[in-house]
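Structure first, then comments.
Computation of the quantities below employed the complete heavy-atom set of this structure, encompassing side-chain atoms and omitting hydrogens, waters and symmetry-equivalent molecules.
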Amino acid sequence: DRDGRRELAPAGIDFTASGRKSKQLIVAQQLGKALGSRQIVKDLELILGPGQRLGLLGPNGSGKTTTLNVISGYYAAKAGTMTLGDQVLAAGQPVKRAACGIARTFQTPRVIGEASVLENVMIGAFLRTAHRKEAESKARAVLERVGMVRLADAPARSLGTPGRKRLEIARALATEP
């Protein structure tokens with residue numbers, strides 16, 4: 001729009017990665033975050049509908065990672081609010097946001113090297129179930145979806161950077177965002 005802000009319109013009913021129908025929206029209103037004396041995120045406004053994806057483009061140092069950290073709860077916003085449906089999301093609580101279906105990956109893949117590829121993905125599935133068999137079944141389905149099922153028993157440390165990134169995406173998908 002005219003003031004440089006871009007609002008992503010809600011898509012209505014859509015299917016999430018888990019296949020569940022949802023009408024919930026993620027709404028951020030005037031989110032702000034400073035690191036030290038530098039204002040990194042200022043007056044962020046966005047609306048994301050179910051199944052929508054958001055891409056952030058900009059040069060190094062423009063605040064893309066900080067914005068994702070605020071949305072996912074890794075950083076607490078110093079201003080503004082974020083809601084999912086009618087629920088206000090507490091700032092700085094990534095585990096609670098993940099339980100609400102907000103998942104993210106990192107620029108540098110973070111995997112548990114001693115664990116297998118399957119076990120790494122099961123970690124994400126355990127967010128939705130406490131039963132090992134169910135978590136394993138969900139993890140195998142996600143590995144099939146991302147083309148890694150043949151690597152399920154391989155140690156995560158044996159993967160190169162692209163494989164580790166794909167593994168991290170699989171773990172995020174296993175949370176059923």
Check: S137 side chain, K133 main-chain N or O, donor-acceptor pair, under 3.5 Å: no
T83 and I26, any side-chain heavy atoms less than 4.5 Å apart: no
Nearest heavy-atom neighbours spanning C100 and L89: SG-CD2, 3.9 Å
Side chain to side chain contact (heavy atoms under 4.5 Å, CB included) between M122 and R132, worked out: CA-CA 8 Å; M122 287 173 64; R132 182 175 175 79; 3.6 Å; yes
Euclidean distance, R128 CZ relative to T175 OG1, rounded to 0.5 Å: 6.0 Å
R97 CZ to I71 CD1 distance, which is reported to the nearest 0.5 Å: 9.0 Å
Heavy-atom closest contact (K64 atom, L57 atom, distance): CD-C, 3.8 Å
Nearest non-hydrogen partners of A135 and A125, listed with the distance: O-CB, 3.6 Å
Side chain to side chain contact (heavy atoms under 4.5 Å, CB included) assessment of D153 paired with V117: CA-CA 6 Å; D153 296 323; V117 168; over 6 Å; no
pair Q29-D43: side-chain heavy atoms closer than 4.5 Å: no
Approximate separation, where rounding is to 0.5 Å, of N120 CG and E114 CD: 9.0 Å
Close side-chain approach of I169 and R164, heavy atoms under 4.5 Å: no
Student check: side-chain heavy atoms of K138 and E176 closer than 4.5 Å: yes
Backbone N/O of Q30 and side chain of E45: donor-acceptor pair under 3.5 Å: yes
Close side-chain approach of L56 to T65, heavy-atom, < 4.5 Å: no
For P94 against G73, the heavy-atom pair lying closest together: CD-O, 3.1 Å
Heavy-atom side-chain contact between M82 and V27 under 4.5 Å: no
CA sep, side-chain torsions, deciding dist, call: V41, Y75, side chain to side chain contact (heavy atoms under 4.5 Å, CB included): CA-CA 11 Å; V41 177; Y75 287 171; over 6 Å; no
Closest contact, heavy atoms only, A172 versus R104: CB-O, 4.2 Å
Shortest non-hydrogen contact from P109 toward T161: CG-O, 4.1 Å
Contact check, side chains of L48 and L25, non-hydrogen atoms, under 4.5 Å: no
From CD1 (I123) to CG (L118), nearest 0.5 Å: 10.5 Å
Residues E168, R171: salt bridge by 4.0 Å N-O rule: yes
Atom pair CG/OH of L68 and Y74 - distance to nearest 0.5 Å: 11.5 Å
Residue pair M148 / L151, side-chain heavy-atom distance below 4.5 Å: yes
Separation between CD1 of I112 and CZ of R110, rounded to the nearest 0.5 Å: 12.0 Å
Ion pair E136/R140, N-O distance below 4.0 Å: yes
Side-chain donor or acceptor of E134 paired with backbone N/O of H131 under 3.5 Å: no
Same apolar cluster: L127 and L84, side chain cutoff 4.5 Å: no
Steps toward side chain to side chain contact (heavy atoms under 4.5 Å, CB included) verdict (T67, L44): CA-CA 9 Å; T67 298; L44 175 69; 3.8 Å; yes
